[in-house]
Each structure stands twice: as C-alpha cells, then as structure tokens.
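Right, one structure below, let's go through it.
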There are 2 protein chains.
Amino acid sequence: MKRRVTKQRELIIKVLENNRTHPTADWIYEKVKKEIPDISKGTVYRNLQVLLEDGVITELNLDGILARYEEKQKTHYHFKCEKCGRVIDLDEPVLQGINERVAKKTGFKVSGHQAEFHGLCKNCQ
Amino acid sequence: MKRRVTKQRELIIKVLENNRTHPTADWIYEKVKKEIPDISKGTVYRNLQVLLEDGVITELNLDGILARYEEKQKTHYHFKCEKCGRVIDLDEPVLQGINERVAKKTGFKVSGHQAEFHGLCKNCQ
DNA sequence: TTAGGTGCAAAACCTTTGCCATCCC
DNA sequence: GGGATGGCAAAGGTTTTGCACCTAA
C-alpha cells in the first residue's frame with residue numbers, strides 16, 4: 001500500500017516526536033484536535049495502525065486497558081509507576097545477546113524483547 | 001475486605017492452577033461454565049480482580065486487546081508468537097540484581113520487572 | 001444475622017469499520 | 001483520474017457496574 005502525506009498523519013507523527021510521555025490514543029487525539037479541530041478518532045486510530053505497520057512507532061501494552069504509543073527508537077526499557085501511572089523511559093543498558101540466547105535454547109525465532117519495571121516513582125514514594 | 005470461599009472463586013483458581021496457556025478472561029469463563037453453567041462473566045471478572053489484588057494471580061498485557069492471566073509464581077519471562085499468538089513461558093534465568101540497579105540509578109522504588117520476547121515459535125517458522 | 005458474593009443486564013470503554021466525500025500524486 | 005485517506009457514526013468486543021437476590025461464616 002503506497003502511503004500518502006496528509007496533514008493528519010504528519011501531525012500525529014509530530015506529536016509523538018515531541019513527546020516522552022507514552023501517550024494513549026485518546027491523548028494523541030485531544031492534542032491533535034487543537035490544530036485540526038474536526039479530525040476524527042477513527043483517523044487517529046487508523047494512522048496509528050499505519051505507523052505501527054511501517055515501524056515508525058511502537059505500541060506499549062503495560063496497562064491492561066489502553067494502549068500507549070511512542071516514536072520508534074533504539075530498544076530501551078520502561079518503568080511504570082503503580083500509583084500515578086506514569087510510564088518512564090529507563091536508560092538501563094539493554095541486555096546484549098539475550099535474544100540469541102533465548103533463540104538458541106528454545107528454537108524460536110526471536111526478533112526482540114521488551115521489559116518493564118514497576119514500583120513507585122520519585123514523586124509517589 | 002474479608003474474603004469468602006465460594007465455589008465460583010475456587011474453580012477459577014483451579015482452572016488457572018492447571019493451566020500453562022495464559023488464558024484470557026473469556027477463555028476462563030468458558031472453561032468454568034462447564035462446571036457451573038450459570039456463572040456469569042461479571043463474576044469471572046470480579047474474581048480475577050480480587051485474585052489480582054490478593055496477589056494470587058498475575059495479569060499479563062502483551063496483547064493490546066485482551067488481558068491474560070496466570071497463577072502467581074516466581075518471576076519468569078514470556079515469549080509471544082507473532083503469528084499464532086501463543087504465550088509461552090521461558091526458563092531463561094531471571095536477571096539478578098537488575099531491580100536494585102535500576103532503583104539505585106533512578107531513585108525509584110522498584111518492586112519487580114517483567115520481560116517479553118517476541119518472534120516466531122517453532123510451529124510458525 | 002449480615003457483609004461479601006453472584007447473576008443478569010445495562011452501561012462504559014476502547015478500538016475497528018462501512019460508507020461516501022475528499023485529497024494527494 | 002484513481003486509489004489512498006478522512007470524517008462521521010455505528011458496530012464490535014472487552015470489562016465494569018447497579019441492583020436485587022443469595023450464601024458463607
């Protein structure tokens with residue numbers, strides 16, 4: 001499927017580029033709405049889907065209810081505060097060679113991994 | 001809140017005890033229904049909530065849509081097949097000391113972590 | 001007896017989809 | 001022009017909840 005450049009899609013990307021908060025689809029919708037007031041939620045979801053397919057963004061599911069999104073970047077881990085719900089990027093070095101180790105042990109084809117820590121952030125202790 | 005022993009709750013626990021498939025709430029409901037035909041989905045969800053609170057089971061969110069549950073056990077990692085969707089336990093040794101390292105570096109109170117690998121399982125390659 | 005639990009059904013939510021108009025290339 | 005995209009609203013699917021009736025302790 002050949003992609004086109006639309007202002008809606010561009011704005012969604014821009015919102016995610018300038019953002020470290022791992023927003024939900026709804027948050028993105030509200031943000032984008034300020035600039036394109038009659039954008040629809042369906043468009044946001046459809047574009048997030050497209051951007052996921054194209055590998056531009058990553059979907060996080062730490063939540064159980066809402067998906068969260070972030071701009072694609074090198075692998076890193078997340079910390080989710082159990083009290084305030086914030087999701088924070090960690091700069092803990094990514095484990096080297098662990099994908100290969102799992103692949104060797106299991107016979108699976110391992111394309112990656114993700115990890116989330118949980119507990120209380122500084123503000124919530 | 002004082003908990004009571006009900007056949008519904010006991011059966012849900014039993015289903016999760018004899019199960020390595022990380023079932024969804026709906027799967028649990030269908031299973032339990034065979035023994036208690038007029039159990040309601042609300043009861044299943046309410047009990048899963050209670051069991052989560054009590055730390056009897058763990059909720060996994062690898063999916064984006066459905067939550068999955070498993071009996072609580074010592075920390076271990078999961079592998080999710082991107083094709084068939086199965087979630088498989090790994091026996092990769094859990095990383096020691098990594099919670100403490102993150103805690104020290106960030107100042108957060110870290111109570112645990114989880115990790116999921118993804119790729120293709122043996123059957124799907 | 002009585003607070004916690006259950007069934008049922010409706011409500012609440014998040015996400016996807018169909019349809020048709022619109023816009024990009 | 002033609003296919004990709006967007007807006008709108010309805011549909012879909014999962015989870016939560018209100019309420020009246022049970023039941024374990």
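Order of the sequence lines fixes the chain letters, A, B, ..., with proteins taken first and strands second; residue numbering starts at 1 for each chain. FYI, side chains are in, hydrogens and waters are out, and symmetry mates aren't considered; it's all heavy atoms of this structure.
Taking every side-chain heavy atom of L66(B) into account, dT14(D) is the closest of dC19(C), dT15(C), dT14(D). Closest to the side chain of K41(A), from the set dT15(C), dT6(C), dT15(D), is dT15(C). Among the nucleotides dT15(D), dA25(D), dG7(D), the one closest to any side-chain atom of I39(A) is dG7(D). Of the listed nucleotides (dG7(D), dT14(D), dG5(C)), dG7(D) has the atom at the smallest distance from the side chain of T43(A). Checked against dT6(C), dT5(D), dT15(C), the side chain of A25(A) finds its nearest nucleotide in dT15(C).
Side chain to side chain, E82(A) and H118(A) meet the donor-acceptor criterion of an N or O pair below 3.5 Å. Side-chain contact check for E92(B) and H113(A): no donor-acceptor pair (N or O, by modelled atom type) lies under 3.5 Å. With 3.5 Å as the limit, one finds a donor-acceptor pair spanning the side chains of T21(B) and N19(B).
When the P atom of dT17(D) is taken as reference, atom CG of L48(B) falls 14 Å away, rounded to whole Å. The CD-P distance, from E30(B) to dT14(D), rounds to 11 Å in whole Å. With rounding to whole Å, E59(A) atom CD is found 13 Å from dT16(C) atom C1'. Atom CG in D38(A) sits roughly 14 Å away from atom C1' in dT5(D) (whole-Å rounding). Rounded to an integer number of Å, the gap from R4(B) CZ to dG4(C) P is 7 Å. To the nearest angstrom, P of dC14(C) lies 14 Å from CG of N61(A). Going from atom CG of D26(A) over to atom P of dC14(C) covers 6 Å, rounded to whole Å. Rounded to a whole Å, the CZ atom of R68(B) is 14 Å from the C1' atom of dT14(D).
For the pair H22(A) and W27(A), the minimum side-chain heavy-atom distance is 4.5 Å or more.
With the nearest nucleotide of DNA chain C identified for both R3(A) and S40(B), S40(B) has the one nearer the 5' end. Map K2(B) and G42(B) each onto its nearest nucleotide of DNA chain C; the residue landing nearer the 5' end is K2(B).
OP1 and OP2 of dT17(C) both lie 4.0 Å or more from every side-chain N or O belonging to Q49(A). Within the 4.0 Å cut-off from OP1 or OP2 of dT6(C), at least one side-chain nitrogen or oxygen of T6(B) is found. Of the side-chain N and O atoms in N47(B), none sit less than 4.0 angstrom from OP1 or OP2 of dG5(C). Here R46(B) does not reach the OP1 or OP2 of dG5(C): none of its side-chain N or O atoms lies under 4.0 Å away. Look at Y45(A) and you'll find a side-chain N or O under 4.0 angstrom from OP1 or OP2 of dT15(C).
With E70(A) contributing its side chain and R68(A) its backbone, the two residues share no donor-acceptor pair below 3.5 Å.
A chain of hydrophobic side-chain contacts below 4.5 Å, direct or via other Ile, Leu, Val, Met, Phe, Trp or Tyr residues, connects V110(B) to Y77(A).
Residue contacts for V50(A): at a heavy-atom cut-off of 4.0 Å it reaches no nucleic acid atom on any strand shown.
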